[in-house]
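Only a predicted model underlies this, so the values are computations on that prediction, with no experimental measurement involved. Each chain gets a letter, A, B and so on, in the order the sequences are listed, and its residues count up from 1.
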Amino acid sequence: MDKTYQPQAIEQKWYSYWLDNQLFSPELSIDKPSYCIMLPPPNVTGNLHIGHAFQDTIMDLLTRYHKMQGHPTLWQCGTDHAGIATQMVVERQLAAQGKSRHDIGREAFTDAVWDWKAQSGGNIRQQMQRLGASVDWENERFTMDEGLSKAVIDVFVELHEEGLIYRGQRLVNWDPVLHTALSDLEVINHDEQGNLWHIRYPRSDGKGHITVATTRPETMLGDTAVAVHPDDERYQDLVGVELELPLTGRQIPVIADEYVDPEFGSGCVKITPAHDFNDWDVGQRNSLDVINILNPDATLNDSVPEKYRGLDRIEARRLVVADLEEAGYLEKTDKHQMAVPRGDRSGAVLEPYLTDQWFVRIEPLAKPAIDAVRNGDIRLIPENWQTTYFNWMENIQDWCISRQLWWGHRIPAWYDNEGNIYVARSEAEVRSKHNLSEDLELRQDEDVLDTWFSSALWPFSTLGWPEQTERLNTFYPTSVLVTGFDIIFFWVARMIMMGLKFTGKVPFRDVYVHGLIRDAQGNKMSKSKGNVLDPLDVIDGIELDALLAKRTTGLMQPHMQSAIEKATKKDFPDGIPGFGTDALRFTFSSLATQGRDMSLDMARVQGYRNFCNKLWNAARFALMHLDGEIDNKPLGGSDSAADQINHWVRSRLAHTVAEVRRHFDQYRFDLATQALYEFTWNEFCDWYLELSKANLSDSASPAVRAATRQTLAQVLEQLLLLLHPVIPFITEEIWQKLRQPLGLYEHSILQRPFPQATERDTSAERQIDWLKQMIQAVRATRTELNLAPGKPLPLKVWSEQRDADEQLINDYLPWLQKLARVESVSWLPKPETQEQCASARAGHMQLFIPLAGLIDVSAEIDRLTKQQQKVLQQQAQLTGKLSNDKFVNNAPAAVVQKERDRLEDVHAELAGIEEQLAQLNSMRDSD
RNA sequence: GGGCGAUUAGCUCAGUUGGUUAGAGCGCUGUCUUGACAUGGCAGAGGUCACUGGUUCAAAUCCAGUAUCGCCCACCA
């Protein structure tokens, strides 16, 4: 083995090894509860970003953990056709050739998208493989696959038959750039600075005017009323009066409607039913005319006076305002901050727009979905997401599912020339179902379905539904969904609704909701900020120049370039070294706390790379001593000190196993990795390997050597198994080298059973704790007094529990000599102060280190005085507590006893310090 | 306007139903190249747990309020 851990040298080969041995294919035949995770399907043409890498790490960890427990385990992967996003990418490519999708037509365009998918669709797959993702590639799915498309059509038709899908003319959020409707969720509201224009509408009877205010004055061209509150005394006699709508010559009525807030503005509201959601409702209630003034690209149409026709609404706005002002209708203009709705993909300002669309009647589906979470069939982790979930589900609006795009599942609806609508699985089915003659002309709906419609079926459509396949029966309902909070409504809620509706079961038991990965300073990563980190760059490393180029090419705001370069040079003056997949995965796992965003700091990744190196070298040490086969028979227990050391490490391992399992089961990956880190480094490496060196040497007895080699090999293997879900590559690499000494028959660590917690050995733990305390006390004193680390020290000891301590000292003397450089131990009959000694406390013992000629009396006095202050403080605290009757009477007996014991120790320690100080002081005075 | 979350060491974060002296990593200080590992060992320093009040024998932890920051939802034209 190399002296240092080199991730590049080991990672790639094991992934192909796992694939070659089909270790990721689920074994359906095992008769045990199944475990299944659905990969949230990434955009087929996309790339893996750091958020995916995090998510994939968590899913892979869970998958390996459960696979090692012998359950039939499936991590189902696949990609999403991502309607709008993908269509935009291909349209941009066409635009670069000076063409639009309309130039080449629908069929050629979708062909072009399929081509693009074929070209780029493997990106994600390759990147996931670099991460070590143990997904079942043989059953990869795509939302536009034949099977999944069939599921989509079936669901659409069934929902339509039940009246849960309907077509209707409604106001929708219209994207004038993409020329499509969007669902409410795809609207991003941003506060932007705008104006509030106050406009006078004259009364037709010439008796003055009333004033309305608007942030979108061009919509006045579509006004069909002005509303006041029915109880507003100021306007009682105004209701029913006709107004003259400026610039148009139209007459519109004043109506009364509860919607108006009399407190706001003038208390009069212009009503434009075709271009405002609230006004639409008012219009419906009052049977108002609906005048649509916009074309699909948000230019004004022929319903407006000629001079405004064909203008974009923003230009029209300027002209309308100018005209109003010129004609004296504009009362005033105020600055006004308002929420502007924009499309989440195009960024275009959206317009409420009247169109025919398909909707899902959502309330009947939402009810069971709410119940499933309320009654615990589905757990949200962390739990507080429930509030958000309920809040949204209880106020849910019908879902607009039609999109005026070309890329997606085409809506299975056909129209005849009479305007009749037929819904069925195919045109043929339409004809037979409705007895339509062959020569009746039918044309299919041009629209496609919202991408999220097919995503909602993902948990069962990927498993073969509507067929009752073995995979479906084995793995549905799935076990856990790992997802970001940003798609709880887009995706999670809809999967629950659809899953319950079509399978009668929840789609998953647990939903693990994680936060966002941010940069080291806690900023959101984004291309425009130039702080994006590519997971592969963290794994493989990247030169500064390459990183700079990556971050500054194709910027939407080129002026940011120099700032981005500066920040990048500051954060990564030498680029990124390349820490390997395992280090990155360990980092992700350690960051996975409950439900908050995480900052990814390279220093942390480096720290875990160092951890891997530590493990690597521990293994190197172990393997040096593990030539040949290990005796795997259980060895008879022995109380010898050498054996206690072995018992101790097994006991600590048992504790770690229990912790890791508990934390994995509770999705506390941060705590699990912490427990692993601590055991590996602070117990196994720092203590066990050091303590066992003597037992492995030639001078140790054959029995001790055998027991120690066995323990070393077995504990290391168990540790590797525990670590494997987090850091699969290095653990496989090392494990393969342990196969022979341990005589294991499995081909891969992934086939080994995940460790089970065994019983602790409290007696061994107590003894080794004692030993550690003793060694640490000597070492600390040595450092504080500036004594050479290698200088052997004779030790004088007094103890309150001499019998026990003397026994232990005798037993562990060889280790005290080696690890604390204790030369010899002699016992003091009384706790008397020793001349020319430094003293220290360990357990019940008072240690004296003779320093003839070496002692710096003042330094030792300073040290002891400092120590004394600390202990005095503790004493005061404890005494106060224990003299408080309320504490003694009310606190549990165990707590009180604990405090009493501590006080006793403190007293003893204090006495020792005081005597020693007195001695030292007299020495100094006599100097 | 409603909801959620955060505030703990220089930095990034743990702290489970209240109960030893509030922990970790990184960084920092001192020291050591000892045959697993300098991507390391050993030993340290460093905290008014945002603030105010309350409950309790006991509060980082529970309750109320305040402040700052962040996110989500709904928005009055």
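Within the nucleic acid shown, Asp261(A) comes within 4.0 Å of at least one base atom, counting heavy atoms only. Within 4.0 Å of His336(A), counting heavy atoms only, lie sugar-phosphate atoms of the nucleic acid but no base atom. Counting non-hydrogen atoms under 4.0 angstrom, Asn391(A) reaches nothing in the nucleic acid. The residue Trp197(A) sits apart from the nucleic acid: no heavy atom pair falls under 4.0 Å. Residue Leu689(A) is in base contact, counting any heavy-atom pair closer than 4.0 Å across all strands shown. Using a 4.0 Å heavy-atom distance criterion, Arg216(A) is classed as making no nucleic acid contact. Among the protein residues, Tyr677(A) comes within range of the sugar-phosphate backbone only, with heavy atoms under 4.0 Å from sugar or phosphate atoms but none that close to a base. Base contact: Glu690(A) has a heavy atom under 4.0 Å from a base atom. Heavy atoms of Lys693(A) sit under 4.0 angstrom from at least one base atom. Counting non-hydrogen atoms under 4.0 angstrom, Ser590(A) reaches nothing in the nucleic acid. Residue Arg821(A) is out of contact with every strand shown, counting any heavy-atom pair closer than 4.0 Å. Residue Asp191(A) is in base contact, counting any heavy-atom pair closer than 4.0 Å across all strands shown. Residue contacts shown for Arg779(A) are limited to sugar-phosphate atoms, with no base heavy atom under 4.0 Å away. Using a 4.0 Å heavy-atom cutoff across all strands shown, Cys268(A) reaches no nucleic acid atom at all.
Distances were taken from every side-chain heavy atom of Thr783(A) (C-beta onward) to each of rG70(B), rC76(B), rG30(B); the shortest belongs to rG30(B). Among the nucleotides rU39(B), rA36(B), rA24(B), the one closest to the side chain of Thr4(A) is rU39(B). Nearest to the side chain of Arg518(A), among rG19(B), rA14(B), rG70(B), sits rG70(B). Residue Thr593(A) places its side chain closer to rA14(B) than to any other of rC76(B), rA14(B), rG5(B). Listed candidates were rA24(B), rA77(B), rU7(B). Nearest to the side chain of Arg596(A) is rU7(B). Counting only heavy atoms from C-beta on, Arg662(A) has its side chain closest to rU16(B) among rU16(B), rU21(B), rA14(B). Picking from rA43(B), rU39(B), rA14(B) the nucleotide with the shortest atom distance to the side chain of Ala780(A) gives rA43(B). Between rU39(B), rC37(B), rC42(B), one nucleotide has an atom nearer to the side chain of Asp686(A) than all others, and that is rC42(B). Residue Phe489(A) has its side chain nearest to rC73(B) when only rG19(B), rA14(B), rC73(B) are considered. The side chain of Tyr259(A) approaches rA77(B) more closely than any other nucleotide in the set rG70(B), rA36(B), rA77(B).
To the nearest angstrom, C1' of rC32(B) lies 12 Å from CZ of Arg782(A). The interatomic distance linking Leu516(A) (CG) with rC4(B) (P) rounds to 21 Å, in whole Å. At whole-Å resolution of the value, CG in Asp665(A) and P in rU16(B) are 19 Å apart. Between the CZ atom of Arg604(A) and the C1' atom of rC11(B) there is a distance of 11 Å, given to the nearest Å. Across the protein-nucleic acid pair, Gln875(A) atom CD and rU20(B) atom P stand 20 Å apart, rounded to whole Å. Nucleotide rC73(B) holds its C1' atom 12 Å from the CD atom of Gln397(A), rounded to whole Å. The separation between Phe277(A) atom CZ and rA74(B) atom P is 11 Å, rounded to whole Å. Asn682(A) has its CG atom 14 Å from the C1' atom of rG40(B), to the nearest Å.
Nucleotides rU66(B) and rA22(B) place their C1' atoms 25 Å apart, quoted to the nearest Å. Here the separation of rA60(B) from rG53(B), taken at their P atoms, is 15 Å to the nearest Å. Taking atom P on both nucleotides, rU56(B) is separated from rC51(B) by 23 Å, rounded to a whole Å. Remark: the separation of the C1' atoms in rA77(B) and rG5(B) is 33 Å, to the nearest Å. Taking atom P in both rA9(B) and rA24(B), one finds a spacing of 14 Å when rounded to whole Å. Atom name P, nucleotides rC76(B) and rC62(B): the rounded distance is 38 Å, in whole Å. Nucleotides rU29(B) and rU34(B) are separated by 23 Å at their C1' atoms, to the nearest Å. The separation of rU61(B) from rU16(B), taken at their P atoms, amounts to 11 Å, rounded to a whole angstrom.
With hydrogens and angles disregarded, a donor-acceptor distance shorter than 3.5 Å links the side chain of Asp597(A) to the backbone of Leu516(A). Between the side chain of Trp815(A) and the main chain of Ala694(A), no donor-acceptor pair closer than 3.5 Å is present.
Positionally, the nearest nucleotide of RNA chain B for Gly607(A) lies more toward the 5' end than for the other of Gln776(A) and Gly607(A).
For the residue pair Asp901(A) and Gln897(A), a side-chain donor N or O sits within less than 3.5 Å of a side-chain acceptor on the partner.
For Trp681(A) and rG41(B), the shortest distance from a side-chain N or O to OP1 or OP2 is below 4.0 Å. Phosphate contact (OP1/OP2 of rU20(B), side-chain N/O of Lys881(A), threshold under 4.0 Å): absent. For Asn890(A), a side-chain nitrogen or oxygen approaches OP1 or OP2 of rC57(B) to under 4.0 Å. In terms of phosphate contacts, Ser599(A) brings a side-chain nitrogen or oxygen within less than 4.0 Å of OP1 or OP2 of rC13(B). Listed pair Lys3(A) / rA38(B) meets the phosphate criterion, a side-chain N or O lying under 4.0 Å from OP1 or OP2.
Contacts between residues 897-909 of chain A and RNA chain B, defined by a heavy-atom separation under 4.0 Å, are made by Arg902(A).
Using cut-offs of 30° and 60° for the angle between ring planes, the Phe586(A) and Tyr608(A) rings count as tilted.
Taking the centre and axis of the six-membered ring of Phe684(A), the NZ or CZ atom of Lys614(A) falls outside the cone set by 45° and 6.0 Å.
Identified under the salt bridge (Lys or Arg N to Asp or Glu O under 4.0 Å) test for residues 876-893 of chain A, with sequence neighbours left out: Lys881(A)-Glu899(A).
A ring-centre distance under 6.0 Å is found for Tyr677(A) and Trp681(A).
Counting heavy atoms from C-beta outward, Trp392(A) and Leu185(A) have side chains that approach closer than 4.5 Å.
Around CD of Gln8(A), the count of heavy atoms belonging to other residues, nucleotides or ligands within 6.0 Å exceeds 12.
RNA chain B contains the following stems of three or more consecutive Watson-Crick or G-U pairs, with both distances under 3.5 Å: B:1-7 with B:67-73, B:10-13 with B:23-26, B:28-32 with B:40-44, B:50-54 with B:62-66.
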